[in-house]
There are 2 protein chains.
Amino acid sequence: MRLTTKGRYAVTAMLDLALHAQHGPVSLADISERQGISLSYLEQLFAKLRRGNLVSSVRGPGGGYQLSRNMQGIQVAQVIDAVNESVDATRCQGLGDCHAGDTCLTHHLWCDLSQQIHEFLSGISLADLVTRREVQEVAQRQDLRRCNNKTQLLDKIETSAVE
Amino acid sequence: MRLTTKGRYAVTAMLDLALHAQHGPVSLADISERQGISLSYLEQLFAKLRRGNLVSSVRGPGGGYQLSRNMQGIQVAQVIDAVNESVDATRCQGLGDCHAGDTCLTHHLWCDLSQQIHEFLSGISLADLVTRREVQEVAQRQDLRRCNNKTQLLDKIETSAVE
DNA sequence: CTATTCCCGAGTGTTTAAGTCAACTATAAG
DNA sequence: CTTATAGTTGACTTAAACACTCGGGAATAG
């Protein structure tokens, strides 16, 4: 089992996508800037997310990525899985041939653990995360900082005036 | 977070130790043979387990390793921790400075996950594992195979006659 | 003394993560 | 049509870690 920056980046980027979905496609450049993730690395991750049917892309100016279904239908476990970070804790991928063709002493322990983690991460959708208060606070801070940095205030003021 | 062969080996070896504790110290050579783990690698792992006060050693012929407390007092989480495989799933080790000195979008998610895993693995002691039926079956198979392989039947027959 | 066993450090091959670079293709806007 | 935007792809690099191996020690039971 492995849970590193790779899977965390993927979930973070997907959440960023969900948070900014209302203004059309989101470019990787925006996500890169807001979340501090290398653009080229994001490209690699989104290639996998696309293959996993979690996002769809729009090319050209104004393009970017969109969630391929609604937020309720995308679980954290699926995102991590899509970027090849298995949540499985066994050595044998659950097959039970971990020691000389037989189950090893601790096989069942790792099976139980895998199931535990999988259930936990399968029970959380992007929609769940978006509605969490802590997430909203962080998102707001990130959007504000971005406005100050890039003096895109006009754009933001217009947007909030419309709302 | 990382859970690889390293942590799995450590738990397996500790469980082997617990299962064979009644006959005095257990040598790493025995564990290596029974569990199919490289002896030199076991030495490295047990150096860490020793530093973590989970085992104590007896040098010289007939020596080996013993659990430093009873089986009930040693949890799986402690073993994994001792060999430097953190169960923490956050990037920031829970500090909350994962993105430019602030919490990242998904910080709380990984905190929750870490807690989930830690609670699970802290709730399982070596004693719990030893009494599990699947573990006993595997252990029995391993002991039998070893007898056949090495023709140490005499030794085993004596042992069971004494019991 | 000698065989056994733990102890320790140094080194090695492989894999992977994480990131870079460069050269594409598709498309919206002027 | 041109141009700038933005996704798409592949090759490459760097660093770290895992999973070992090897060689020489030090302690101790017989």
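So you know, we letter chains A, B, ... as the sequences are listed, proteins then strands, and number each from 1. Because the structure is a prediction, the values reported are computed rather than measured.
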Problem - A/Y65 side chain near D/dT8 phosphate (N/O to OP1/OP2, under 4.0 Å) - result: yes
Exercise for the section: Determine whether the side chains of B/S68 and B/S56 contain a donor N or O and an acceptor N or O closer than 3.5 Å. Expected result: no
Handout entry: Sugar-phosphate, base or nothing in reach of A/F46, heavy atoms under 4.0 Å
Key = nothing
Practice task
Compute whether any side-chain donor of one residue and acceptor of the other, for A/Q140 and A/Q136, lie under 3.5 angstrom apart.
Solution key: no
Exercise for the section: Determine: side-chain N/O of A/R2 to OP1/OP2 of D/dA17, distance under 4.0 Å, yes or no. Expected result: no
Practice task
Output yes when B/E137 and B/R141 qualify as a salt bridge under the 4.0 Å nitrogen-oxygen rule, no when they do not.
Solution key: no
Exercise for the section: Could you list where the contact with chain B starts and ends along DNA chain C, reading 5' to 3', using a 4.0 Å heavy-atom cut-off? Expected result: C/dA3 to C/dA10
Fill in the blank from the handout: So, with a heavy-atom separation below 4.0 Å from DNA chain C, the residues of residues 49-58 of chain B are B/R50, B/S57, B/V58
Practice task
List in chain and number order the residues that pass side-chain contact (heavy atoms from CB on, under 4.5 Å) with B/A89, two or more places apart in sequence or in another chain; answer none if no residue qualifies.
Solution key: A/L3, B/M1, B/W110, B/L113, B/S114
Handout entry: Phosphate OP1/OP2 of D/dT21: any B/S38 side-chain N/O under 4.0 Å
Key = yes
Exercise for the section: Report yes if a side-chain nitrogen or oxygen of B/S40 is closer than 4.0 Å to either non-bridging phosphate oxygen (OP1 or OP2) of D/dC22; otherwise report no. Expected result: no
Problem - Contact summary for B/M14 and B/V55, nearest pair of heavy atoms - result: SD-CG1, 3.5 Å
Completion exercise
Nearest heavy-atom approach of B/Q35 to B/D16 is NE2-OD2, 2.6 Å
Practice task
Establish, with yes or no, whether the OP1 or OP2 oxygen of D/dC20 is under 4.0 angstrom from a side-chain nitrogen or oxygen of B/Y9.
Solution key: yes
Fill in the blank from the handout: With the side chain defined as heavy atoms from C-beta on, B/R59 is closest, among D/dA26, D/dA4, D/dC20, to D/dA26
